[in-house]
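For reference, the structure discussed in these notes is given below.
Fair warning: this is a prediction, and the values are worked out from it, not measured in the lab. Values below: every heavy atom of this structure, side chains too, minus hydrogens, waters and symmetry copies. Each chain gets a letter, A, B and so on, in the order its sequence line appears, and its residues count up from 1.
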2 protein chains.
Amino acid sequence: MSASSRFAVAVHILALLETNANQALSSSSIAASVNTNPVVIRRILGRLNKAGLVHTEYGADGGTRLARSANEITLNDIYHATENCRILPLHASSPNQDCRCGRTIQPVLSTIFSSAEAAMQQVLANKSLAEVVHEMQAQAKPQACS
Amino acid sequence: MSASSRFAVAVHILALLETNANQALSSSSIAASVNTNPVVIRRILGRLNKAGLVHTEYGADGGTRLARSANEITLNDIYHATENCRILPLHASSPNQDCRCGRTIQPVLSTIFSSAEAAMQQVLANKSLAEVVHEMQAQAKPQACS
DNA sequence: TGAATATGAAACAAGTATAGTTACATTTTA
DNA sequence: TAAAATGTAACTATACTTGTTTCATATTCA
């Protein structure tokens with residue numbers, strides 16, 4: 001059913017890159033903020049690289065930077081870069097095709113499940129990384145007179 | 001985490017009960033349609049019973065019937081009866097609270113993830129079991145002149 | 001009363017995915 | 001050449017799902 005925490009960690013990573021846009025960050029320094037192992041970070045960075053969201057350089061003084069503006073990265077971009085599977089899976093093994101119900105349930109469910117997932121992704125598509133970072137900064141400095 | 005197909009199987013079960021509303025169905029006969037073990041069915045029926053969607057009777061000639069009209073059961077009711085966890089989980093272990101990003105990411109993500117999940121559930125809430133059964137019957141008998 | 005039929009629940013195995021860790025080859029820079 | 005960084009493989013531990021067997025319990029009916 002549920003997705004992995006890769007998506008949440010990926011947003012964390014990218015928010016960290018945006019707030020430190022003046023320098024490339026190593027997987028070790030990112031891991032210190034996420035509170036995990038650098039290899040876990042590198043595995044996620046591999047997906048983000050493949051999706052073209054970040055750019056990584058080898059060697060001493062290497063590390064990772066955002067590949068485009070935080071305004072041009074949506075949470076849906078990050079979601080697709082980090083998660084594989086359908087949120088709402090169909091049956092583990094195919095139903096009995098000799099039963100009318102078994103024959104017809106999956107095409108109907110597949111359509112409905114796709115609509116449900118699309119609605120979720122639409123919310124993610126409407127939120128940019130820049131907005132997330134802005135909300136995080138508002139969280140860090142709450143207004144005294146709110 | 002690996003995905004659960006309980007939700008899809010639960011819809012299958014309830015659709016089968018609706019199309020055989022004249023009789024109580026045993027877990028064995030349901031399992032024959034789903035193509036799995038009766039105990040798997042009984043585990044899901046236990047959740048549906050607890051949620052008040054079906055009513056089960058013991059003994060010879062026992063079995064399960066819908067507890068209310070298929071018009072009054074939405075896919076979101078079934079979803080909540082069968083699935084436990086959040087769709088979009090936060091970090092597996094808490095981020096570094098000494099980092100500004102680590103401190104602020106989770107409350108922001110939690111709000112966004114809740115909105116995304118709510119959008120998905122809204123789609124499910126707008127689809128009744130009766131509609132699903134109707135779509136299945138349309139699937140079984142396509143119009144010749146469509 | 002007793003046999004038949006059904007559920008509910010416990011226990012176990014197998015399969016799969018995630019998260020964390022160690023280790024090492026490779027690339028780049030100073 | 002040494003240092004610092006990545007990419008990747010391998011391994012462990014954990015957790016969840018699915019399928020299965022087994023058995024106690026409840027209900028019906030001859």
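Taking atom NE2 of residue B/H55 and atom P of nucleotide C/dT7, one finds them 13 Å apart after rounding to whole Å. Atom CZ in B/R47 sits about 14 Å away from atom C1' in C/dG8, given to the nearest Å. Whole-Å rounding puts the A/E83 CD to C/dA17 C1' distance at 11 Å. Counting to the nearest Å, the P atom of C/dT21 and the CZ atom of A/R43 are 11 Å from each other. The distance between atom CG of B/N35 and atom C1' of D/dG19, rounded to the nearest whole Å, is 12 Å. At whole-Å resolution of the value, CG in A/L45 and P in D/dA5 are 14 Å apart. With rounding to whole Å, B/I44 atom CD1 is found 7 Å from D/dT18 atom P. As a whole-Å value, the separation of B/N37 CG from C/dA14 P is 16 Å.
Under the 4.5 Å side-chain criterion, counting only non-hydrogen atoms from C-beta, B/T19 is in contact with B/Q137. A heavy-atom distance below 4.5 Å is not found between the side chains of B/S5 and B/H12.
Between B/Y79 and B/F7, the ring planes are perpendicular. Angles over 60° get that label, and only those under 30° would be called parallel.
OP1 or OP2 of D/dT6 has at least one side-chain nitrogen or oxygen of A/S27 nearer than 4.0 Å. Distances shorter than 4.0 Å separate none of the side-chain N or O atoms of B/S29 from OP1 or OP2 on C/dA6. Note on B/S26: every side-chain N or O is 4.0 Å or more away from OP1 and OP2 of C/dT7. Using a 4.0 Å cut-off, some side-chain N or O of B/R6 falls inside it from OP1 or OP2 of D/dT17. Under 4.0 angstrom from either OP1 or OP2 of D/dA26 there lies no side-chain N or O belonging to B/T56. The phosphate of D/dG7 (OP1 or OP2) has no side-chain N or O of A/R42 nearer than 4.0 angstrom.
Mapping A/A60 and A/P38 onto DNA chain C by nearest heavy atom places A/P38 at the nucleotide closer to the 5' end. When each of B/G62 and B/S93 is assigned the nucleotide of DNA chain C bearing its nearest heavy atom, the one mapping closer to the 5' terminus is B/G62.
For B/A92, counting side-chain heavy atoms from C-beta on, the closest listed nucleotide (D/dT25, C/dA19, D/dT21) is C/dA19. Between D/dT18, D/dA26, C/dT27, one nucleotide has an atom nearer to the side chain of A/Y58 than all others, and that is C/dT27.
For CZ of A/R47, the number of neighbouring non-hydrogen atoms (other residues, nucleotides, ligands) closer than 6.0 Å is greater than 12.
Nucleic acid contact for A/T36: sugar-phosphate only, since backbone atoms but no base atoms lie under 4.0 Å from a heavy atom of the residue.
The shortest non-hydrogen separation linking A/D98 to A/N96 is N-OD1, 2.8 Å.
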